Amino acid sequence: MTEFHVDTTASGIGVVRPEGRLNMVAARQLKSVLADLVAGGTHRIVVDLADTSFIDSSGLGALIGGVKSTRQQGGDLRIARPTEAVLTVLDLTNLTKILRPRDTVDGAFDD
Amino acid sequence: MTEFHVDTTASGIGVVRPEGRLNMVAARQLKSVLADLVAGGTHRIVVDLADTSFIDSSGLGALIGGVKSTRQQGGDLRIARPTEAVLTVLDLTNLTKILRPRDTVDGAFDD
Amino acid sequence: MTESSTLQALPDRLELSAPASEEMLDLVHVLLEHLWQQHEEVPVAERMRVEMAVIEILANVIEHAFEVDAGRPAADERGDGRRFTITLGVTDAEVLIDLADNGEPAAIDLSRVTMPDEDAESGRGLALALASLTDLSFHSADGRNHWSMRCDLS
Amino acid sequence: MTESSTLQALPDRLELSAPASEEMLDLVHVLLEHLWQQHEEVPVAERMRVEMAVIEILANVIEHAFEVDAGRPAADERGDGRRFTITLGVTDAEVLIDLADNGEPAAIDLSRVTMPDEDAESGRGLALALASLTDLSFHSADGRNHWSMRCDLS
Ligand SMILES: Nc1ncnc2c1ncn2[C@@H]1O[C@H](COP(=O)(O)OP(=O)(O)O)[C@@H](O)[C@H]1O
Ligand SMILES: Nc1ncnc2c1ncn2[C@@H]1O[C@H](COP(=O)(O)OP(=O)(O)O)[C@@H](O)[C@H]1O
């Protein structure tokens with residue numbers, strides 16, 4: 001079972017930390033976690049991937065969906081601290097531009 | 001992987017807490033943990049089974065072996081806090097006398 | 001229908017074929033967890049009984065079924081590999097498990113199995129499996145040993 | 001020998017046959033962990049590539065291979081159950097995986113698969129599997145779809 005830890009920082013940024021594998025089943029959950037945040041007015045979101053041991057195309061799809069829905073509201077979704085496995089998938093799918101990895105959760109919205 | 005946490009109390013009682021499943025592979029490890037304790041002069045041992053989710057006949061064999069080797073040295077091996085799964089196995093194998101479960105680790109040598 | 005053919009016809013049965021090595025015990029524990037996930041109706045008492053029996057029998061297969069017997073080379077030395085196949089399923093009324101291996105034909109008489117004395121350090125495996133299950137049977141044919149396990153749902 | 005027959009002859013291959021349901025993805029992750037435990041020589045980069053490809057292909061099978069096609073009832077409605085069989089093995093030179101299902105014959109042309117644009121929310125599965133592996137092939141015959149995966153050890 002993949003768990004999702006959700007927090008909001010003092011500056012109103014939503015931080016989502018999936019723990020485990022982001023495959024088909026977990027991607028559906030991530031999608032709804034992100035949709036709930038956006039619907040609740042949180043338009044800047046960091047997905048902290050430090051504890052995400054695996055991601056597949058459906059997990060990527062959920063992240064891209066989050067990028068699009070936050071940007072429509074003038075915000076953004078950024079990813080931080082990807083594991084080696086996640087980096088490999090981002091490389092193979094040419095997504096390191098739209099999902100540029102940040103080193104820290106706190107600094108993910110610094111630029 | 002089953003892990004073994006080993007401690008010695010102020011009164012010189014060895015406390016072994018296996019974490020996970022006590023099957024064939026882990027039973028061999030438990031056997032050598034117990035043998036090391038006895039060889040090192042610890043003749044009173046409590047095996048804390050609170051985190052032992054499963055035990056099979058080889059796990060039981062390792063515990064019985066520990067009972068015999070400690071008693072040979074004038075000591076004893078006692079078990080504490082068995083889970084439901086462990087209790088079921090003790091019942092089915094008629095071992096609740098030689099391995100009478102104690103409620104607490106601290107009180108395991110009170111009688 | 002025999003129990004085995006009932007099991008082999010269950011559309012959601014799980015089947016694993018793997019080398020008969022100790023590391024596979026953990027994999028079979030996980031396989032059982034998935035079986036229970038698919039069948040939440042199986043009470044926890046029956047889950048524990050089935051898990052005990054399956055692990056005992058599989059541990060025996062790993063430990064004994066490939067011992068060099070009367071000078072014949074063991075299965076792995078003949079080159080065909082020490083392997084087992086386990087099939088797990090749940091019907092409305094029972095949990096069914098089949099376990100087959102390609103080891104030496106075993107001479108086992110389950111009617112003579114008894115629980116050993118309390119200070120025995122081994123020899124409890126088959127007795128514990130028998131005590132856990134509603135029915136356990138064994139036969140050896142065509143170079144394979146077959147174990148059939150059944151645990152009725154109360 | 002073809003890759004599939006090499007794989008089917010490996011004495012320490014792992015084989016799982018199970019219903020094609022989402023819960024099985026986790027079980028296959030665990031199966032891969034056991035394969036790597038048996039084969040510590042496989043570098044971590046290749047482990048990741050194989051895991052990605054296997055999970056992508058299996059997720060596709062679970063999602064697409066049983067869609068009702070041209071009015072024919074899906075496999076599970078015909079009563080024979082949606083199932084897949086996965087076989088995993090490691091030779092001196094490569095990791096080999098076969099995946100077969102009894103779903104509708106799929107019309108898949110791997111030579112036409114491309115990676116979609118960066119803002120696409122789906123359609124990356126097969127492209128990612130292709131990019132991860134040394135070789136991926138597909139064919140459909142006798143009512144079964146077969147995927148063969150190969151990842152050379154560098
Ligand atoms: N799968 C098997 N193949 C061959 N012999 C077996 C098998 N299982 C059990 N036996 C024989 O039956 C005996 C009793 O087995 P068991 O009750 O599990 O106790 P243990 O394995 O601790 O000796 C074993 O010592 C072995 O000689
Ligand atoms: N196992 C399969 N059986 C039938 N059709 C498939 C299978 N795998 C893929 N397809 C088809 O190929 C298309 C592309 O698949 P894929 O690249 O995995 O992207 P996605 O699944 O996100 O659409 C799918 O939309 C589907 O139409």
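Since we're looking at a predicted model, the values are computed, not measured. Per chain, numbering begins at 1; letters A, B, ... match sequence-line order.
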### Query
Under the 3.5 angstrom rule, does the side chain of Arg13(D) hit a backbone N or O of Ser17(C) as a donor-acceptor pair?
no
### Message
Nearest 0.5 Å, please: how far is CD in Glu15(D) from CD in Glu15(C)?
### Response
9.0 Å
## Note on the structure
Bottom line for Leu10(C): the part with an atom under 4.5 Å from chain D's heavy atoms is backbone
### Query
Do you know the tightest heavy-atom contact between Pro11(D) and Pro19(C)?
O-CB, 4.3 Å
### Message
Less than 4.5 Å apart, side chain to side chain, heavy atoms only: is that true for Gln38(C) and Ser21(D)?
### Response
no
### Message
Is it the case that atom CD in Glu40(C) sees more than 12 heavy atoms from other parts of the structure closer than 6.0 Å?
### Response
no
### Query
Under 4.5 Å, heavy atom to heavy atom, which residues of residues 27-37 of chain D contact chain C?
Leu27(D), Val30(D), Leu31(D), His34(D), Gln37(D)
#### Entry: Euclidean distance, Arg82(C) CZ relative to Asp12(D) CG, rounded to 0.5 Å
13.0 Å
### Task
Anything in residues 119-148 of chain C with a heavy-atom distance to chain D below 4.5 Å? Please list those residues in order.
none
